[in-house]
2 protein chains.
Amino acid sequence: MPPDLTPRQEDFLRYLREEIRRAGRAPSLRRAARDLGISHAAVAQLLRALEEKGYARRQGRYSRTVHLLNPARRTAGLQRWREIPVVGRITAGLPMYAQQQWEGSVVLDAELYRGENLFALRVRGDSMTGAGILDGDLAVCQPRQYACNGEIVVALIGGEEATVKRFFLGGDHIELRPENPAYRPVRYGFDEILVQGRVIGIQRGPDVMRRLEG
Amino acid sequence: MPPDLTPRQEDFLRYLREEIRRAGRAPSLRRAARDLGISHAAVAQLLRALEEKGYARRQGRYSRTVHLLNPARRTAGLQRWREIPVVGRITAGLPMYAQQQWEGSVVLDAELYRGENLFALRVRGDSMTGAGILDGDLAVCQPRQYACNGEIVVALIGGEEATVKRFFLGGDHIELRPENPAYRPVRYGFDEILVQGRVIGIQRGPDVMRRLEG
DNA sequence: CGGGAATGTCAATACAAATGTAAATGCAAT
DNA sequence: ATTGCATTTACATTTGTATTGACATTCCCG
C-alpha cells in the first residue's frame, strides 16, 4: 500500500467522495475551500497530495475534472499474497505493536486470510494437540483484546510468555482450556489475563511434518 | 556472512527490513523507538552503527529515507512466495500433472516450502486428527511415487479418491494407518496402492478454525 | 468572437508538529 | 578504559497545512 494519508488528507478525501457522489463531479477549488473553511490554494495542495499518493488522478494541467481511484484499483491488481510478522515474545506492554520481538515474517495467501494487522506466533508445547495445533506450528492471529466463549486465543498470563488456549468466560473468572487430556483447564482472575488475539489459521511447515514422522 | 554486527544491531536490522518491506520505507526514529521500546536517540545510534558498517545508507543530513544495501538479504532476487495448484481429485492416470482437476491455487511462503511441482490437496474426513490434520485442511504435498515407513502420504486406493494416511511397508503388503482411534489400519496389496506424494505441510484457514469453535 | 467570471497554478510566507542531530551522561560487559 | 547501548534534553530541519496575491486558462454568455 502506498504511504498512508494524514488525517487531514483523509478528511479531504471523504469530502471529495461525498461531493462527487452528490454532484456528479468534483467541486471547484474555491467552492471546496468555502465548504472546508480554508483557502483555495490549500485545497490545491491537498489535491496534489492525494494525486501523489495515488488516490486521485487529473487530466491536463488546467483540467477541472478529478477522478478518484478506488482503493482496490490503486493496488493495480490485487496482491495474491501478503506478509505478516512472526512475533517471538509478546511482552505485556500494550498496545500490541509495541515491544515486539521480530522473529521474521511469513507469507500467506491473501485470499485466505483477510483482516488488518495480522501476526503469527510460533506455538510451543503440546497443550492444544486435540485441536490439531502442534508444537512448532505457526498460529496466524488477528489482534483482539477480547474473546468469545470457545474461541482459540493467544493470551498473556500475568505478563508471561503468550500461550494459545481455548477461551471461556465465567461469572467471576476466565478459564483457559487446553485441548489435551494431559493438561487441565485453569481459571484466572480477570486481571491476570490479557487476550492478545484470536487464532484464525495454522501453518505447519516441513520441519514439523518431519518431526511427526520421527 | 560477516556477522560483524552485534546481536542488538542484527535485531534492529531485521526489524528495519521488515518495516521497509511492509510499509515501503523506513519508519521514523521515534516510531521505531516505540516499536522497539527504546528511545529515539538509541535508534539513531543503532542506525549510525549500521551505516558505518556498511549495511545501510542515507541521503542527506536530515533525510528520512534509508536504503539497506547488504545483499545478505535472503530474498534478494528471489520471490518470497509461490503458487501451487489445489487438486480436487487426483485421477489414476499418470503422470501426475496430466488430467488434473483444478480446484484453484494457493499461495505459500517460498522460504518454507522448497521443491518442485508441489501441489495441495483438500483433506476430507477426520481419520488423521491424531496427527493434527483436520477435515478441511489443505495438505501441501511433494510429488513422489514411493514412500518410507512412517511418512504421511497421499495415496490412491484402487483408483479411487486420494486419501491421506501414514505409510508402512510390510513384507507382502502395504499398510495405511489412520491417526485416529476410531479408525483401524488397513492392509493392501502392492498393486492396490498408488502413492502420489508426501505431505510436507498443512495450511489451515479461518474457515476450519471457525468450525473448531462451534 | 470577445470579454468577464470562475477556475486552476504558482510563489512567497507562516506556523505547528513530526522528525533528525547532537551532547552529556549512566551502566554493564569485555 | 573502551565499547555497546541506553537515557534525557536541547536544538535544527523537514513536512503538512494554512495564508495571500499575482497570474494563466477555461467557460459561458452576449
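To find a chain, count down the sequence lines: A is the first, B the second, and so on, and within it residues start at 1.
With hydrogens and angles ignored, no donor-acceptor pair closer than 3.5 Å exists between the side chain of H40(A) and the base of dT20(D). Counting distance only, with no hydrogens placed and no angle test, the side-chain atoms of Q45(B) and the base atoms of dT7(D) include a donor-acceptor pair under 3.5 Å.
No donor-acceptor pair under 3.5 Å is formed between the side chain of N180(B) and the backbone N or O of S127(B).
A42(B) comes within contact range of at least one nucleobase, with a heavy-atom separation under 4.0 Å. At the heavy-atom level, A49(B) lies nowhere under 4.0 Å from the strands shown.
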| Given V106(A) and I84(A), is the side-chain contact (heavy atoms from CB on, under 4.5 Å) satisfied, shown in steps? | CA-CA 6 Å; V106(A) 64; I84(A) 67 172; 3.7 Å; yes
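In this model, the phosphate group of dT9(C) is not approached by any side-chain N or O of R48(A) to a distance below 4.0 Å at OP1 or OP2. Note on S39(A): every side-chain N or O is 4.0 Å or more away from OP1 and OP2 of dA18(D). The side chain of T6(B) contributes an N or O atom lying less than 4.0 Å from OP1 or OP2 of dC5(D). OP1 or OP2 of dT17(D) sits under 4.0 Å from a side-chain N or O of Q9(A).
Comparing dC5(D), dT21(C), dT19(C) against the side chain of L46(B) picks out dC5(D) as the nearest. The R30(B) side chain lies nearest to dA10(D) when the options are dA6(D), dT7(C), dA10(D). Considering only the side chain of I38(B), dA6(D) comes nearest among dG20(C), dA6(D), dG8(C).
Relative to the ring axis of F168(B), R177(B) places its NZ or CZ within 45° and under 6.0 Å from the centre.
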